[in-house]
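Below: one structure, written as structure tokens.
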Amino acid sequence: MYTNPLKNVVLSCLLGLLITSSCRTEPVLSKQAIALSLLSKNTSASQFRLLIRLHPEAAFYAGLLAEAADTERAVALFELALNSTIPLVRNAAAQKLIRPALERVDLAKRLLLLNRHKDLEQAELTLRCASFYTVGGFSDAVQLATYTHKHSWNTVITLLALQSQTAEPAADFFLNEPVDEAFLWGWEAAEHSFSPVEIRAVKGRIATARRSYQEALNIFKVVIEQEPDFFLRHPQVLFDLGRSFQYVNPTQGLKLFLEWDALFEDADAQMAESRYYLQYFAGRMERYRGNYTQAMDYFAQALSLTDDPAQEDLCIWYLLDSARINNPEQAVQQFVQYAPLWHDPDYYSDIVGTLCRQLAAQEQWHSLLNLFAGMRRYADGSMVAQYAYIVARLIETGLIPAAEAARLLDFAEPSQVSRLLFTQAFEEKAASYYYRAASAQYLGKAVVLPETQEPVAEAGTDLTFFSDFFEYGAGDFAFSSIQAMAAELSSADLRRIASICADFGYTAQSIRTVLLYQNRPDYESNRTDLLLLYPRPFLEIIEDNARKMGIPAEVLFGLIRTESIFDPNAHSSVGALGLSQLMPETAEEEARRIFRNGGPNYGTKQSIEVFNPSVNVHIGASYLHYLIPQVENTLFALMAYNGGIGRVKRWRNASPHLPADLFAETVEFTETREYGKRVISSAAVYGYLYYAKSMEYVVKEIYSPSY
């Protein structure tokens, strides 16, 4: 099922050699061959037992490979992996076995008899707790649960074990906690002990979690008819009802929520959270109906009913976004008014960036200046850098008077305002390389990236768990484990794991791993991480095509990194494929152009090998080469690569008087607007790291006229 006959013959021979040399401590087979042999039905029982005895951790990775096709075999392999001496392997295997142990008495009994290591990992403790519950050891399950961290499985098992002893249903949990796998399993076991109204409420919550809003609303309506005040006593159920009404029937939902809110004129503080949700969802429903002014009033009222920072940020975000949609110019006042109340500035970066684009598109330069002046002390550093650069360029081009900017920004000398703003963008650590390098041009400075190399230590036992994903041929499953455990790992450990991913050719996973620790508060940039973040896989293919097409290599690297993070099998949600993310129609059209110009015949849309790196990069580079002379510069060609040349020409024709960098801020599509900046940022770093170019030179070259 998993291996071909020839491979089975080879494995059998090697396994025979291994059996005759069992006194040896060094393995004869590669780890990948061991994993394959554990999956092969042609591996004899004696060979299988020997491999498991010598390599118990191999069973975990083989289980991952088997999971999709053979659940029974995967469970058996995960069970065997519990004998590993590597704690992380045991913990990961135990996590996989929790649900099967709750559903199979035979498995639970075996797990309770398993010889245990002295120190159990957290998932092993939860697995033991689950096994006790399955065999009826409720007291043991409850007692063991006190030694484990808070975990959704642990909580559910404990509640059900207690319920089995006291017959009291765990209503609070199912009416308030997030719906996840443990929740769903627990509900199947506990549903019989709940009242009809509670059953419907929980089923409505489950439907809402699946985004089956019409189904959820149909269920909730029965509860409304039978016991309407149920929702007011259970805020989380009220929250789910609000979501369902918003997406299915906001008009009816608004009427009901306002009727309920009218009951609160003399309500006590115990109902404060319910009233908050009534006002909050009244705003969401009015917003959904397009009544933004009324929605803002409801969000403001909800804001006055809570002192929870997350809820406050949520209300303010919706209030400001409604104001932005309703009237971008008038929204500036609200942004300035509420900016001092922001708890998490990064939470607002999306709408602050979108409002910048809207004001720029309408050439409301004075409003943009007022917005920057009012929020620059409160906004995220990346947004401050973006606005500082734009305002500085507006002053340089005469679109904003320097004296007005100096007055609003409290700068003493108007003649120095633009330089001070360029300096602010240049020096902001959170700024993108795009704005830093672009500002450097006007300051006569150079962006200098760190030269210090952070040591990448040799992998210890713990990190072997991660390298073995690749050794055993289960590399596609590695990142989910890396991501799940990132909070418990140091930056140094994650750096080593990123290096391991890169060493095995998993470039996308390597980059994503660095991003897991790059945003930590204590993070300091270093050259090791830059080399991991901006690698050069497929070096010969990319450089060769860049040279043939007359495209700077750093630009092509930046494009492919932005498009696919160097994953040759990448699929986008809209159907773009491969390293340079070619749409099938575009690939076919460009392939014909290549053939007409004397190049190879890559075939039709159906036959083009878009997942072949050589073919994909050639077509992608050729397409960019085709676009560059059609527009003013490489930046616009990059935008056309993403959003279509027709759109870019139409947008440019609407604002021909703007300099290229200011025009780029006005582009209507967020994806296309940000795409160009991301490619330029990446290209600037590639030019600096590998091609002896300053970052500001790369940016200047991309902006230079292409004709």
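- Contact annotation: the side chain of Ser510 never approaches that of Phe504 to less than 4.5 Å [non-hydrogen atoms, C-beta and beyond].
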_Between Tyr435 and Lys677, does the side chain to side chain donor-acceptor pair (under 3.5 Å) criterion hold? Intermediate values first, please._
CA-CA 9 Å; Tyr435 288 111; Lys677 298 176 192 176; 2.8 Å; yes
_From CA spacing to verdict: side chain to side chain donor-acceptor pair (under 3.5 Å), Glu671, Asn642_ = CA-CA 8 Å; Glu671 180 185 342; Asn642 176 268; 3.2 Å; yes
*asked:* Determine whether Leu127 and Leu82 satisfy the following criterion, side-chain contact (heavy atoms from CB on, under 4.5 Å), listing intermediate values before the conclusion.
replied: CA-CA 11 Å; Leu127 177 59; Leu82 294 175; 4.0 Å; yes
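- Using the six-membered ring where Trp is involved, Tyr472 and Tyr61 have ring planes that are parallel, under 30° apart on the 30 and 60° scheme.
- For an aromatic pair to be called close, the ring centres must be under 6.0 Å apart, and Phe469 with Phe465 satisfies this.
- In terms of heavy atoms, Ser682 sits closest to Thr562 at OG-OG1, 4.0 Å.
- Under the 3.5 Å distance criterion, with hydrogens and angles disregarded, no donor-acceptor pair is assigned to the side chains of Tyr347 and Asp380.
- A pairwise comparison of heavy atoms in Phe611 and Ala570 identifies CE2-O, 3.8 Å as the closest pair.
- Counting heavy atoms from C-beta outward, Val514 and Arg495 have side chains that stay 4.5 Å or more apart.
- One finds no salt bridge joining Glu124 and Arg128 here, because no Lys/Arg side-chain nitrogen approaches an Asp/Glu carboxylate oxygen to under 4.0 Å.
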_Glu563 and Tyr641: CA distance, side-chain angles, deciding distance, side-chain contact (heavy atoms from CB on, under 4.5 Å) verdict_ = CA-CA 10 Å; Glu563 288 285 0; Tyr641 190 101; 3.3 Å; yes
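- With hydrogens and angles left out, the side-chain atoms of Arg520 and Ser491 include a donor and acceptor closer than 3.5 Å.
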*Decide side chain to side chain donor-acceptor pair (under 3.5 Å) for Glu543 and Tyr690; before the verdict, give the C-alpha distance in whole Å, the side-chain angles of both, and the deciding distance to 0.1 Å.*
CA-CA 12 Å; Glu543 285 193 336; Tyr690 302 107; over 6 Å; no
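- Judged by the 6.0 Å and 45° rule, Arg561 forms a cation-pi pair with Tyr534.
- Judged by the 6.0 Å distance and 45° axis criteria, Arg73 is not positioned over the aromatic ring of Phe48.
- Side-chain rings of Phe138 and Phe132 stay apart, their centers remaining 6.0 Å or farther from each other.
- Remark: the backbone N or O of Leu112 is not paired with any side-chain donor or acceptor of Ser131 at under 3.5 angstrom.
- Taking both residues in full, the closest heavy atoms of Leu577 and Asn616 are given as O-ND2, 3.2 Å, listed atom of the first, atom of the second, then distance.
- The backbone N or O of Leu582 lies less than 3.5 Å from no partner atom in the side chain of Ser580, so there is not a single donor-acceptor pair.
- Side chain of Gln509 to backbone of Phe479: a donor-acceptor contact under 3.5 angstrom is found.
- With a 4.5 Å cut-off on side-chain heavy atoms, Leu531 and Gln453 count as touching.
- A salt bridge does not link Arg527 to Glu454: none of the charged side-chain nitrogens sits closer than 4.0 Å to a carboxylate oxygen.
- In this structure, the side chain of Ser564 engages the main chain of Leu579 through a donor-acceptor pair within 3.5 Å.
- Heavy atoms from other residues, nucleotides or ligands lying under 6.0 Å from CD of Glu609 number 12 at most.
- Between Glu428 and Arg436 there is no salt bridge, since no side-chain nitrogen of the basic residue lies less than 4.0 Å from a carboxylate oxygen of the acidic one.
- Under a 3.5 Å cut-off, the side chain of Asp544 and the backbone N or O of Glu540 do not form any donor-acceptor pair.
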*Is there a ring pair (Phe, Tyr, Trp, His ring centres under 6.0 Å) between Phe183 and Phe174 once you walk through the steps?*
CA-CA 7 Å; Phe183 182 109; Phe174 292 105; 5.1 Å; yes
*Evaluate the side-chain contact (heavy atoms from CB on, under 4.5 Å) criterion for residues Leu489 and Tyr517: first the C-alpha distance (whole Å), next the side-chain angles of each, then the deciding distance (0.1 Å), finally the verdict.*
CA-CA 9 Å; Leu489 295 166; Tyr517 63 88; over 6 Å; no
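- The closest side-chain donor-acceptor pair between Tyr506 and Asp567, if any, does not fall under 3.5 angstrom.
- Note that CG of Leu624 is 14.0 Å distant from CD1 of Ile619, once rounded to the nearest 0.5 Å.
- Taking the side chain as every heavy atom from C-beta outward, Arg49 and Ile52 never approach each other to under 4.5 Å.
- Between the side chains of Thr452 and Asn526, no donor-acceptor pair is found at a separation under 3.5 Å.
- When each of Leu88, Asp493, Leu494 is tested with Phe466 by the rule side-chain contact (heavy atoms from CB on, under 4.5 Å), just one qualifies, namely Leu88.
- Side chain to side chain, Asp529 and Tyr523 meet the donor-acceptor criterion of an N or O pair below 3.5 Å.
- A distance-only check finds a donor-acceptor pair linking the side chain of Asp313 to the backbone of His343 [under 3.5 Å].
- Remark: side-chain polar atoms of Ser40 are not paired, donor with acceptor, to backbone N or O of Leu36 under 3.5 angstrom.
- No salt bridge links Glu57 with Lys31; every basic N to acidic carboxylate O contact stays at or beyond 4.0 Å.
- Within the model, atoms CZ of Arg536 and OG1 of Thr507 stand 13.0 Å from one another, a figure rounded to the nearest 0.5 Å.
- Counted within 6.0 Å of CZ on Arg211, heavy atoms from surrounding residues, nucleotides or ligands total 12 or fewer; the atom is thus considered open.
- The closest side-chain heavy-atom distance from Pro450 to Leu530 is below 4.5 Å.
- Using a 4.5 Å heavy-atom cutoff, the side chains of Val574 and Met583 are in contact.
- Closest approach of Ala431 to Ala385, counting heavy atoms only: CB-CB, 3.4 Å.
- For Arg205 (side chain) and Glu177 (main-chain N/O), a donor-acceptor pair under 3.5 Å exists by modelled atom type.
- With sequence neighbours excluded, the residues satisfying ring pair (Phe, Tyr, Trp, His ring centres under 6.0 Å) with Phe78 are Phe60.
- With hydrogens and angles ignored, the 3.5 Å screen pairs a side-chain donor or acceptor of Thr43 with a backbone N or O of Ser37.
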*Take Cys129 and Ile98, measure what side-chain contact (heavy atoms from CB on, under 4.5 Å) needs, and give me the verdict at the end.*
CA-CA 9 Å; Cys129 183; Ile98 292 171; over 6 Å; no
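- Taking the side chain as every heavy atom from C-beta outward, Arg110 and Leu107 approach each other to under 4.5 Å.
- A 6.0 Å sphere centred on CD of Glu451 holds more than 12 heavy atoms belonging to other residues, nucleotides or ligands.
- Ala66 approaches Leu77 most closely through the heavy-atom pair CB-CD1, 4.4 Å.
- Listed here is the closest heavy atom pair of Leu532 and Pro535: O-CD, 3.4 Å.
- In this structure a side-chain-to-backbone donor-acceptor pair under 3.5 Å is present from Ser480 to Phe477.
- Residues Asp106 and Lys109 are not paired through a salt bridge, judged by the lack of any N-O separation under 4.0 Å between the basic side chain and the carboxylate.
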*Give the C-alpha distance, both sets of side-chain angles, the deciding distance and a yes or no for salt bridge (Lys or Arg N to Asp or Glu O under 4.0 Å) between Glu674 and Arg678.*
CA-CA 6 Å; Glu674 298 307 314; Arg678 288 199 300 271; 5.4 Å; no
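- The shortest side-chain heavy-atom distance between Leu125 and Leu144 falls under the 4.5 Å cut-off.
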